[in-house]
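To start, the structure itself, in structure tokens.
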Amino acid sequence: MSELKVYNSLNRAKEVFSPLVPGHVGMYVCGPTVSGESHLGHSRPYITFDVVYRYLQHLGYKVRYVRNITDAGHFEEEGREAEDKISKKAVLEKLEPMELVQKYTNLFHWGMQQFNTLAPSIEPTATGHIVEQIGMIEKIIADGYAYVVNGSVYFDVNKYAANYDYGKLSGRKIDDLLETTRELDGQEEKRDRADFALWKSAAPEHIMRWQSPWGVGFPGWHIECSAMATKYLGSQFDIHGGGMDLQFPHHESEIAQSTICNHEKPVRYWMHNNMITINGRKMGKSYGNVITFTELFSGSHPILEKAFHPMVIRFFILQTHYRSTLDFSNEALMASEKGLKRLWEAYENLNKLSYTTARNFDAELDARIVKLVNEFEEFMNDDISTAKVLANMFELAPVINSMKDKTIAVESISAETFALLQTQMKLYMENILGLQAVTDTGDDKLQGVMELLITIRKEAKTKKDFVTSDAIRNQLSKLGIALKDEKDGNTTWNIE
RNA sequence: GGUCCUGUGGCCGAGUGGCUAGGCAGAGCUCUGCAAAAGCUCGUACAGCGGUUCGAAUCCGCUCGGGACCUCCA
């Protein structure tokens with residue numbers, strides 16, 4: 001049996017995963033900033049790490065999965081310049097900042113449910129951990145790696161870089177960072193351009209504000225993750241995940257802060273998912289190509305030709321390795337939609353099959369099935385290669401469908417192999433990849449009506465009254481209900 | 001400008017130097033009252049130019065594309 005290997009961004013290599021505490025895994029994933037509605041881009045990390053979470057649990061680990069909600073600090077919001085937007089909008093609309101944050105948090109949770117992601121073990125908020133953040137900053141100042149200017153606190157990157165490996169995660173050299181030409185807010189207060197804020201003094205109109213030893217202000221952009229990860233996972237933990245765009249400066253800063261504060265390297269395995277692009281471009285507000293969850297599921301966005309079911313998005317994402325960019329297009333999504341439908345139907349067919357007594361044993365087929373099924377684990381162990389798992393499932397689909405159509409006898413493989421096929425397909429489809437049925441089967445009343453219609457149509461067909469039988473099928477089709485006449489004479493239906 | 005990633009058949013995408021990825025679309029066939037679904041068969045692709053090698057999509061170099069990060073960002 002192979003061991004789980006994951007690609008560690010810190011060392012740029014696949015490494016055997018071995019947790020700090022045997023049997024337990026601590027995993028932190030950067031959560032969303034809830035200053036606006038979640039979008040397609042957000043779906044990737046949370047679905048990716050949902051599968052990682054599920055797989056680690058499958059391997060028998062007790063996982064503490066921490067995913068934060070960023071609800072404080074320096075926000076951006078649609079149609080406004082970079083400022084603390086939550087506050088501004090809140091003032092204008094006379095809303096409590098927390099009211100706005102709650103709204104987008106709820107929408108995020110709703111989206112996560114649609115994608116069938118498991119809830120994290122702990123979902124801490126930045127605003128709920130101001131005390132911890134202040135405490136961490138105090139320790140960093142005490143150690144001489146931060147300085148106070150006009151009520152703001154900055155991290156001394158140069159001093160850190162002299163003693164530690166700053167830039168290792170993002171492959172950056174401190175000298176290169178000094179050449180940045182951007183003008184940033186508060187730049188003039190910093191001793192060095194590379195320094196970053198731990199605490200920022202708040203202007204009087206700033207509503208999100210907290211008392212601190214340095215005056216009234218709000219926490220810097222990176223300290224919340226360090227504080228919450230430390231609190232719930234300890235000064236060193238196993239996995240830290242997030243999007244590749246967070247590698248620098250966010251994660252690099254996290255390492256620096258935590259290292260000074262806790263005197264050890266915070267994270268053992270850094271995992272970064274790649275971006276979703278649209279026409280080769282990263283999705284981002286500045287590109288004007290953001291598709292929100294609600295737009296995605298309803299099809300109400302100029303880029304979209306139709307609505308896409310959340311499961312289709314999930315499947316689409318899992319068809320690509322998490323470290324590759326994934327290019328979005330209507331065509332690609334429609335391909336995923338069809339592929340998922342076919343795969344899921346094969347899976348349902350498999351669940352309906354039953355095994356009686358072995359006969360006409362087909363050793364070659366048996367061996368092929370065993371190989372394809374056993375590779376599920378091998379592929380997952382190879383840096384979570386969900387795309388390959390799905391490819392194998394697609395290879396199994398024709399075999400399963402042939403068993404259903406009885407062109408291949410279920411009993412031509414061993415009872416053990418059949419059981420393996422059924423249990424592993426269920427395990428991987430539902431528990432590990434977290435896929436679900438796309439079509440709903442309606443309620444009991446609809447079931448009854450459909451049975452009635454199918455019976456009437458069957459009688460018409462028996463009488464060769466194809467006008468009636470086709471009328472029933474065509475009318476139902478217009479309503480989005482598809483009828484399929486199976487080889488065994490039965491008719492099945494599903495809602496498209 | 002700096003750092004890094006990347007370029008696979010109509011589209012999307014796996015690819016660890018030699019052995020079919022897979023999906024969608026397309027073509028043909030089987031089944032079928034018709035349809036849908038399903039099954040079978042089929043494209044022989046790796047940006048270009050060199051190099052290493054018995055052998056490269058896979059390693060190296062150059063050229064040309066594309067992208068990410070360097071600023072909040074999943």
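The structure displayed is predicted, hence computed values, not measured ones. So that the names make sense, note that chain A is the first sequence line, chain B the second, and so on, each numbered from 1.
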- Task: Using the C1' atom on both, measure B:A47 against B:G9 and round to a whole Å.
- Result: 14 Å

- Message: Testing the 3.5 Å rule here: is there a donor-acceptor pair between the side chains of A:Glu15 and A:Asn11?
- Response: yes

- Message: Measuring only the C1' atom in each nucleotide, how far is B:C31 from B:G43? A whole number of Å is fine.
- Response: 25 Å

- Note on the structure: Across every strand shown, the nucleotide meeting Watson-Crick or G-U wobble geometry with B:A56 (both distances under 3.5 Å) is none

- Message: Quick one about A:Ser477 and A:Asn474 (side-chain donor to acceptor, distance below 3.5 Å, no hydrogens or angles considered), yes or no?
- Response: no

- Is B:G7 syn or is it anti, if syn means the base angle is within 90 degrees of 0? anti

- Does the cation-pi check pass for A:Arg67 over A:Tyr28, that is, NZ or CZ under 6.0 Å from the six-membered ring centre and within 45° of its axis? no

- Below 4.0 Å: OP1/OP2 of B:C5 and any side-chain N or O of A:Arg323: no

- Taking atom C1' of B:U3 as reference, at what distance in whole Å does atom NZ of A:Lys168 sit? 17 Å

- Query: Rounding to the closest angstrom, what is the interatomic distance between B:C60 and B:A21 at atom C1'?
  - Reply: 27 Å

- Please tell me which of the listed nucleotides, B:U71, B:G67, B:A25, lies nearest to the side chain of A:Lys338? B:A25

- Message: Heavy atoms only, 4.0 Å cut-off, all strands: where does A:Phe394 land among base, sugar-phosphate and nothing?
- Response: sugar-phosphate

- Item | Rounded distance in Å - CE (A:Met271) to P (B:A74) | 19 Å

- Item | Span that lies between the P atom of B:A35 and that of B:C46, in whole angstrom | 38 Å

- Check every strand shown and say whether A:Glu395 touches a base, only sugar-phosphate, or nothing at a heavy-atom separation below 4.0 Å. sugar-phosphate

- When you measure from the side chain of A:Thr33, which nucleotide among B:C73, B:C40, B:A37 comes out closest? B:C73

- In terms of ring plane angle, is the pair A:His39 and A:His42 parallel, tilted or perpendicular, where the classes change at 30° and 60°? tilted

- Remember a base hit wins even if backbone is also touched, and classify A:Lys464 as base, sugar-phosphate or nothing at under 4.0 Å, heavy atoms. nothing

- To the nearest angstrom, the CD-C1' distance between A:Glu486 and B:A37 comes to 7 Å

- Check the angle between the aromatic planes of A:Phe196 and A:His222 and answer parallel, tilted or perpendicular using the 30° and 60° thresholds. perpendicular

- Note on the structure: note: A:Lys458, atom NZ; B:G33, atom P; distance rounded to Å ~ 14 Å

- Item | Pairwise C1' distance, B:C4 and B:G13 [rounded to whole Å] | 23 Å

- Note on the structure: A:Glu254 atom CD is separated from B:C73 atom P, nearest whole Å, by 10 Å

- Message: Rounding to an integer number of angstrom, what distance separates B:A38 and B:G66 when you compare their C1' atoms?
- Response: 40 Å

- Message: What's the closest nucleotide to the side chain of A:Asp470 if the choices are B:G33, B:C73, B:A25?
- Response: B:G33

- Query: Just checking A:Met393: base, sugar-phosphate only, or nothing, at a heavy-atom cut-off of under 4.0 Å?
  - Reply: nothing

- Note on the structure: Across every strand shown, the nucleotide meeting Watson-Crick or G-U wobble geometry with B:C19 (both distances under 3.5 Å) is none

- Message: So A:Met283, base contact, sugar-phosphate only, or nothing? Heavy-atom distance under 4.0 Å.
- Response: base

- Which is true for A:Leu343 with a 4.0 Å heavy-atom rule: it touches a base, it touches only sugar-phosphate, or it touches nothing? nothing

- Note on the structure: Atom NZ of A:Lys404 and atom C1' of B:A37 are separated, to the nearest Å, by 7 Å

- Note on the structure: Scanning all shown strands, the Watson-Crick or wobble mate of B:A68 with both distances under 3.5 Å is B:U3

- Task: Would you indicate what A:Gly280 reaches in the nucleic acid, counting non-hydrogen atoms under 4.0 angstrom: base, sugar-phosphate, or nothing?
- Result: sugar-phosphate

- Closest to the side chain of A:Arg473, out of B:A74, B:A35, B:A37, is B:A35

- Message: Centre-to-centre under 6.0 Å for A:Phe293 and A:Phe115, is that the case here?
- Response: yes

- Can you tell if the side chain of A:Ile276 reaches within under 4.5 Å of the side chain of A:Ile317, non-hydrogen atoms only? yes

- Message: Checking side-chain polar atoms at under 3.5 Å, does A:Tyr322 have a donor or acceptor matched by the opposite partner on A:Asp383?
- Response: yes

- Query: Hey, which of these two, A:Leu390 or A:Tyr46, hits RNA chain B nearer its 5' end, going by closest nucleotide?
  - Reply: A:Leu390

- Pick the P atom in B:U3 and in B:U71, then give their distance to the nearest Å. 16 Å

- Sorted by position of nearest nucleotide on RNA chain B, 5' first, the leading residue of A:Pro32 and A:Ala482 is A:Ala482

- d(CD1, A:Ile400; C1', B:G39) in whole Å: 14 Å

- Message: Return the pairing partner of B:C42 with a 3.5 Å limit on both distances, Watson-Crick or G-U wobble; otherwise return none.
- Response: B:G26

- is_close_aromatic(A:Phe308, A:Phe297), centroid dist under 6.0 Å: no

- Item | P spacing across the pair B:A36 / B:G50, given as an integer number of angstrom | 49 Å

- Query: For the side chain of A:Asn401, counting heavy atoms from C-beta on, which of B:G39, B:C70, B:U71 is nearest?
  - Reply: B:G39

- Query: Among B:A21, B:C34, B:G2, which is the nearest nucleotide to the side chain of A:Asp485?
  - Reply: B:C34

- Message: Over all strands shown, is A:Lys484 touching base, sugar-phosphate only, or nothing at heavy-atom distances under 4.0 angstrom?
- Response: base

- Query: For the pair made of CH2 in A:Trp493 and P in B:A37, what is the distance, rounded to whole Å?
  - Reply: 19 Å

- Note on the structure: Contact string for nucleotides 10-16 of chain B, one letter per nucleotide 5' to 3', B = base within protein heavy-atom range under 4.0 Å, S = sugar-phosphate only, - = neither, reads -SSSS--

- Side-chain N,O (A:Arg281) to OP1/OP2 (B:G67) below 4.0 Å: yes

- Query: Reckon A:Leu333 touches a base, only the sugar-phosphate, or nothing at all at heavy-atom distances under 4.0 Å?
  - Reply: nothing

- With distance as the sole criterion, is a donor-acceptor pair present between the side chains of A:Tyr347 and A:Glu430 under 3.5 Å? yes

- Item | Minimum-distance nucleotide (side-chain atoms of A:Arg172 versus B:G33, B:A74, B:C70) | B:C70

- Closest nucleotide among B:U71, B:A74, B:A38 to the A:Asp405 side chain: B:A38

- If you measure only the distance, is there a donor-acceptor pair under 3.5 Å linking the side chains of A:His272 and A:Gln247? yes

